Amino acid sequence: MTDTYNPQEIEARWQAKWEADRLYRSAVDPKQVKYYALTMLPYPSGDLHMGHWYAMSPSDARARYMRMKGYNVLFPIGFDAFGLPAENAAIKRKIHPKKWTYANIENMTRQLKSMGAMFDWERVAVSSDPEYYKWTQWFFVQFFKNGLAYKKMSPVDFCPTCNTTLAREQVWGDDRHCERCQTPVIKKNLDQWFFKITQYADDLLDFSQIEWPERVVAMQTNWIGRSEGAHVVFTTEHGDELPVFTTRPDTLWGATFMVMAPEHPLVASITTPEQKAAVDAYVTEAARASDIEREAAEREKTGVFTGAYAINPVNDERIPIWVADYVLMTYGSGAIMAVPAHDERDFAFARKYELEVRVVIQPDGEKLDGASMAEAFPGAGKMVNSGQFDGTPATEEKGLANPAVKAVTEWLERQGRGHYAVNYRLRDWLISRQRYWGAPIPMITCPECGIVPVPDDQLPVLLPDDIEFTPTGESPLKLHPTWKTVPCPQCGRPAERETDTMDTFMCSSWYQYRYLSPQCDTAPFDPEEGSYWLPVDQYTGGIEHATMHLMYTRFFTRAMRDCGVFANIKPMNPKVQPASMFNEPMTRLYNQGMILGEDGEKMSKSRGNVIDPDNLVAQYGTDTVRCYMMSAFKWDQGGPWNSMGIKGSVRLLNDMWAIVTAPKPAPGQVDDKDMWALRRKTHQTIKRVRDDIESFSFNTALAAVTELKNLMQKAQKTPLAATPAWDEAVRTMLLLMAPFTPHITEELWARIGGPYSIHQQQWPIYDPAIAAEEEITLPVQINGKVRDRITVPADTDEETIKALALDLEKVKGLLEGKPPKKVIVIPGRLVSIVV
RNA sequence: GCCGGAGUGGAGGAACGGAAGACUCGAUGGUCUCAAAAACCAUUGCCCCCUAAAGGCGUGUGGGUUCGAAUCCCACCUCCGGCACCA
């Protein structure tokens with residue numbers, strides 16, 4: 001048993017055995033407590049990269065740990081297999097997207113298996129399989145039937161490179177670029193399908209049922225952008241209603257003009273003949289300018305007077321109506337009341353065009369004057385110039401929590417001039433994509449019956465295989481000679497299929513359910529499986545999905561709930577299946593960081609800083625790569641790759657191998673102290689590794705095992721290595737390392753005669769009595785500085801410690817015979833003397 | 001501007017308000033070797049010093065609370081991420 005560590009041989013052998021034994025097959029077992037651990041599913045781009053390893057191997061280690069803790073763990077994997085790269089490959093290299101995708105899946109499955117993770121390979125779900133997308137389409141129809149899906153002609157974001165529209169969430173950055181390909185998007189007016197995610201805005205703002213990182217909660221909250229205020233109806237002199245949304249109804253008396261967005265439908269009709277030329281020119285110019293130009297915050301405001309006037313409903317004042325592009329048609333009603341004294345933007349506009357600035361909130365201690373003030377005052381004060389509301393305090397609080405807002409809103413409601421209102425930044429989810437490689441939208445347009453969903457028994461609407469790609473990138477579904485022509489399901493007359501496919505985020509919004517029973521053909525998932533496994537207990541993945549996938553999937557679960565999809569799900573173990581399981585798909589979320597190239601930049605082929613995991617596995621073995629992923633970084637932060645750093649993991653595993661396989665020394669005299677020191681370290685390590693894995697602190701868990709290993713290494717050739725304490729240490733070290741490095745530990749476990757499989761063993765039990773220190777060294781501080789230390793038995797009482805400390809030569813010297821002012825003894829911690 | 005997060009040795013990173021720098025990499029010196037690699041041993045925050053002892057200084061900056069602060073509070077600075085003419 002002195003052969004050297006040969007990871008490649010060991011890993012292949014155990015992987016084969018595990019697979020043959022179905023060691024990682026997870027099945028419903030009501031007698032056992034379930035644990036659903038989930039890592040974000042990969043897109044089959046061709047090869048597994050370092051990022052996949054970094055995301056998945058710690059996630060796997062934790063799932064393995066939970067299994068050893070006694071949970072029935074489900075840790076599935078699959079592929080988010082629809083998407084544009086497959087089509088790009090088809091156009092560029094004349095490979096059919098299906099062929100390209102499934103070849104990649106095959107290759108990546110091999111790579112994933114090389115990771116040695118505890119994935120249940122019998123639950124693999126692939127979103128481009130007809131068995132899968134049948135149910136993606138079924139959900140679409142359900143949503144349509146429940147009023148959650150609608151088709152609408154509207155100006156939408158279009159990526160000219162990807163040749164498709166995008167959801168608002170998929171447009172990023174100041175230059176409004178495509179999240180996938182970085183190309184700035186353009187606006188197009190198209191007839192598109194939307195999901196009513198806005199209907200769930202408030203529901204989605206409720207994070208009380210989930211333990212998600214504050215960062216994600218903040219990002220989603222930001223994204224939804226809820227603001228409270230009032231809906232107030234202004235009218236033009238000619239009686240046209242001009243409703244506005246304002247968060248500051250308490251400043252209504254300070255409205256000295258109104259502004260409409262250039263796209264506002266009433267602009268043309270209210271403009272007076274004298275102003276028509278100027279307004280037309282302005283509107284035309286605004287339409288030509290891109291959103292990026294228009295939305296640049298630093299840009300100077302421009303606008304044109306329409307010649308028309310509105311009546312302020314609170315005081316019947318006549319105020320001018322302007323058109324300006326700083327007002328957006330997409331938010332609120334596309335028109336605002338302008339209160340220059342208390343709003344920065346209105347102030348800038350008013351000064352430029354010499355419009356009245358009237359103060360209606362006076363702060364304490366200074367006197368604002370509309371004519372002379374240099375900037376708007378958005379702060380707190382008392383209402384003035386506001387009729388019966390004068391003197392009402394206006395605070396910094398938002399919405400009805402602000403007494404001035406509350407008083408005015410209630411009065412508006414009583415008067416019928418307005419009402420409480422909430423506005424959101426969130427837009428409905430645009431899911432139409434003008435692409436081939438996606439799930440076809442299962443809708444048919446009939447000239448007689450209108451829009452008709454494909455009946456359930458005709459699902460899935462299959463993608464045709466006989467397609468042709470043109471270099472223009474136009475969807476082959478549109479160009480297909482016959483595919484889109486079908487009889488209307490209602491009247492049987494010739495009708496036309498929807499040729500758009502669905503946003504692939506739709507597929508990934510419900511994959512955690514499909515994993516439960518990927519073969520199920522009577523429902524999206526088997527009710528028994530759902531009743532046992534739901535919800536996902538622990539989800540892990542990247543932060544980049546905060547306002548896309550992670551928001552969509554929360555919406556999706558709620559929509560499923562409201563469509564009755566969970567009607568036959570009865571939690572088998574309500575203790576671990578919170579009532580929130582029908583609202584929230586994932587109870588806990590943890591975001592890992594990103595692994596960068598050695599140069600500190602994002603890994604990319606063009607930079608040439610890509611580290612290939614296949615090569616590393618070939619060179620060092622899977623266990624070493626896994627170990628390095630988990631020891632060298634804080635998981636939530638990630639960081640640059642260091643090709644030297646992996647040596648640390650190589651040494652750890654070699655040392656572990658050597659310690660376990662070394663011949664035992666002859667028994668002999670063993671110092672009791674040494675024996676207890678080893679047992680103490682062993683038990684302290686159990687606790688540290690346990691606590692660290694639970695808190696995702698994999699690096700410190702491995703550091704703790706390394707400390708144990710270092711201690712054992714020193715004792716390896718002494719008679720201590722022939723004692724039961726040593727055997728306990730060896731067993732413990734292997735069990736603690738099993739989640740991190742599953743193959744080497746399985747091999748060594750077998751060699752020391754442990755029962756197969758180490759991965760089915762119970763997590764070692766930590767005994768606090770053994771872990772407790774017998775002797776402790778206490779630092780002795782004088783005025784907060786450590787001057788000496790004393791070593792005493794752990795149970796020494798305070799008085800004795802105090803006496804010992806004061807008797808120290810060094811302390812006596814520093815006290816110079818004077819009595820100390822104060823002596824603080826913290827048992828087990830330190831002695832602090834104040835002079 | 002608003003909302004999150006982060007600033008600790010040469011690098012990654014440890015530290016329930018109680019010994020700053022665990023563990024790892026790197027570096028330096030040594031052992032082994034014809035040599036190199038590997039392995040092993042030792043040193044490794046900075047200043048002072050031949051060395052050591054003994055000091056002093058050190059967790060982005062400046063204050064504060066405390067016997068005691070990387071950690072708590074206040075005010076800043078820098079970097080990263082999200083949102084932003086959103087009424």
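Here the structure is a predicted model, which means the values were calculated and not measured. The sequence lines fix the lettering, A, B, ..., with proteins before strands; numbering per chain opens at 1.
- For the P atom pair drawn from B/C34 and B/C49, the interatomic distance equals 43 Å after rounding to whole Å.
- Candidate nucleotides B/C86, B/U24, B/G18 were compared by shortest atom distance to the side chain of A/N710, and B/U24 ranks first.
- Comparing B/C73 with B/A22, their P atoms sit 27 Å apart, to the nearest whole Å.
- Two residues, A/G645 and A/T777, neighbour RNA chain B, and the one matched to the more 5' nucleotide by heavy-atom proximity is A/T777.
- Rounding to whole angstrom units, CZ of residue A/R215 and C1' of B/C80 are separated by 10 Å.
- Between the side chain of A/S832 and the base of B/C67, at least one donor-acceptor pair of N or O atoms lies under 3.5 Å.
- The side chain of A/M219 lies closest to B/G82 when the candidates are B/C85, B/G82, B/C40.
- Atom NZ in A/K785 sits roughly 7 Å away from atom P in B/G56 (whole-Å rounding).
- A/V327 comes within 4.0 angstrom of a nucleotide base, judged by non-hydrogen atoms across all strands.
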Candidate pair A/L653 and A/M737, rule side-chain contact (heavy atoms from CB on, under 4.5 Å), full reasoning: CA-CA 10 Å; A/L653 296 197; A/M737 283 298 285; 4.1 Å; yes
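- At whole-Å resolution of the value, CD in A/Q637 and P in B/G12 are 11 Å apart.
- Minimum atom distance to the side chain of A/A218 is reached by B/C3, of the listed B/C3, B/A87, B/G55.
- Between B/U24 and A/S649, no contact under 4.0 Å exists linking OP1 or OP2 to a side-chain N or O.
- Between B/A39 and A/R651, a contact under 4.0 Å exists linking OP1 or OP2 to a side-chain N or O.
- Counting any heavy atom pair closer than 4.0 Å across all strands shown, A/R688 reaches no nucleic acid atom.
- Nearest to the side-chain atoms of A/T706 among the listed nucleotides B/C3, B/U24, B/A87 stands B/U24.
- Taking every side-chain heavy atom of A/Q781 into account, B/A19 is the closest of B/C85, B/A19, B/G82.
- With a 4.5 Å cut-off on side-chain heavy atoms, A/R248 and A/I361 count as touching.
- Sorted by residue number, the members of residues 418-429 of chain A with any non-hydrogen atom under 4.0 Å from RNA chain B read A/R425.
- Nearest-nucleotide positions on RNA chain B for A/R248 and A/L778 put A/L778 closer to the 5' end.
- Atom CD1 in A/I824 sits roughly 18 Å away from atom P in B/G17 (whole-Å rounding).
- At the heavy-atom level, A/A703 lies under 4.0 Å from base atoms of the strands shown.
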Pairing pattern in dot-bracket form [Watson-Crick, G-U; both distances under 3.5 Å; | = partner strand] for RNA chain B: (((((((..(((.....[....)))((((((.......))))))(((.......)))..(((((..]....))))))))))))....
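- Atom pair A/L830:CG and B/A15:P shows a separation of 19 Å (rounding to whole Å applied).
- Among B/C86, B/C67, B/C23, the nucleotide with an atom closest to any side-chain atom of A/V834 is B/C67.
- The residue A/E707 sits close only to the backbone: its heavy atoms come under 4.0 Å of sugar-phosphate atoms, none of a base.
- Across B/G82, B/G18, B/A87, the shortest atom-to-atom separation from the side chain of A/F245 is found for B/A87.
- The residues A/E773 and A/R680 are annotated as salt-bridged, a charged nitrogen and a carboxylate oxygen being separated by less than 4.0 angstrom.
- Classified by interplanar angle (parallel below 30°, tilted 30° to 60°, perpendicular above 60°), the ring pair A/W322/A/F349 is perpendicular.
- Residues A/E169 and A/R427 are not paired through a salt bridge, judged by the lack of any N-O separation under 4.0 Å between the basic side chain and the carboxylate.
- For B/G21 and B/A70, the P atoms lie 12 Å apart once the distance is rounded to whole Å.
- For the pair A/M629 and A/S57, the minimum side-chain heavy-atom distance is below 4.5 Å.
- With a glycosidic angle no more than 90° from 0, B/G9 adopts the syn conformation.
- If you take CG of A/L550 and P of B/G4, they are 19 Å apart, rounded to a whole angstrom.
- A/T791 and A/T777 share a donor-acceptor pair across their side chains, judged by distance under 3.5 Å alone.
- Between A/N699 and B/A22, a side-chain N or O to OP1/OP2 separation shorter than 4.0 Å is absent.
- Contact annotation: A/K634 side-chain N/O to B/A14 OP1/OP2 distance is under 4.0 Å.
- Regarding A/E214, its CD atom lies at a distance of 18 Å from the P atom of B/C83, rounded to whole Å.
- Taking atom P on both B/C25 and B/A75, the two are 43 Å apart, rounded to the nearest angstrom.
- Nucleic acid contact class of A/D346 (heavy atoms, under 4.0 Å, all strands): none.
- By the 4.0 Å N-to-carboxylate-O rule, A/D157 lies too far from A/R168 to be salt-bridged with it.
- You won't find any donor-acceptor pair under 3.5 Å spanning the side chain of A/K647 and the base of B/C25, going by distance alone.
- Ring planes of A/Y54 and A/W635: perpendicular class, angle over 60° (limits at 30 and 60°).
- Using cut-offs of 30° and 60° for the angle between ring planes, the A/Y590 and A/F696 rings count as parallel.
- For the P atoms, the distance from B/A6 to B/A87 is 28 Å, rounded to whole Å.
- Between A/K822 and the phosphate of B/C67, there is a side-chain N or O to OP1/OP2 separation shorter than 4.0 Å.
- Put simply, the side chain of A/W53 reaches to within 4.5 Å of the side chain of A/V625, judged on heavy atoms.
- When the P atom is compared between B/C46 and B/U51, the two are found 13 Å apart, to the nearest whole Å.
- Separating the C1' atom of B/U28 from that of B/G64 is a span of 43 Å, rounded to the nearest Å.
- A/L652 places a side-chain heavy atom less than 4.5 Å from the side chain of A/K709.
- Among the heavy atoms of the strands lying under 4.0 Å from A/G638 are primed sugar atoms or P, OP1, OP2 only; no base atom is included.
- B/C2 atom C1' lies 13 Å from atom CD of A/E396, rounded to whole Å.
- Separation of the P atoms belonging to B/C79 and B/G17 is 30 Å when rounded to the nearest angstrom.
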List the atom pairs, with distances to 0.1 Å, where a side-chain N or O of residues 331-341 of chain A and a protein N or O form a donor-acceptor pair under 3.5 Å, not counting sequence neighbours.
residue	atom	partner	partner atom	Å
A/Y331	OH	A/S227	OG	2.9
A/S333	OG	A/P243	O	2.6
A/S333	OG	A/A335	O	3.4

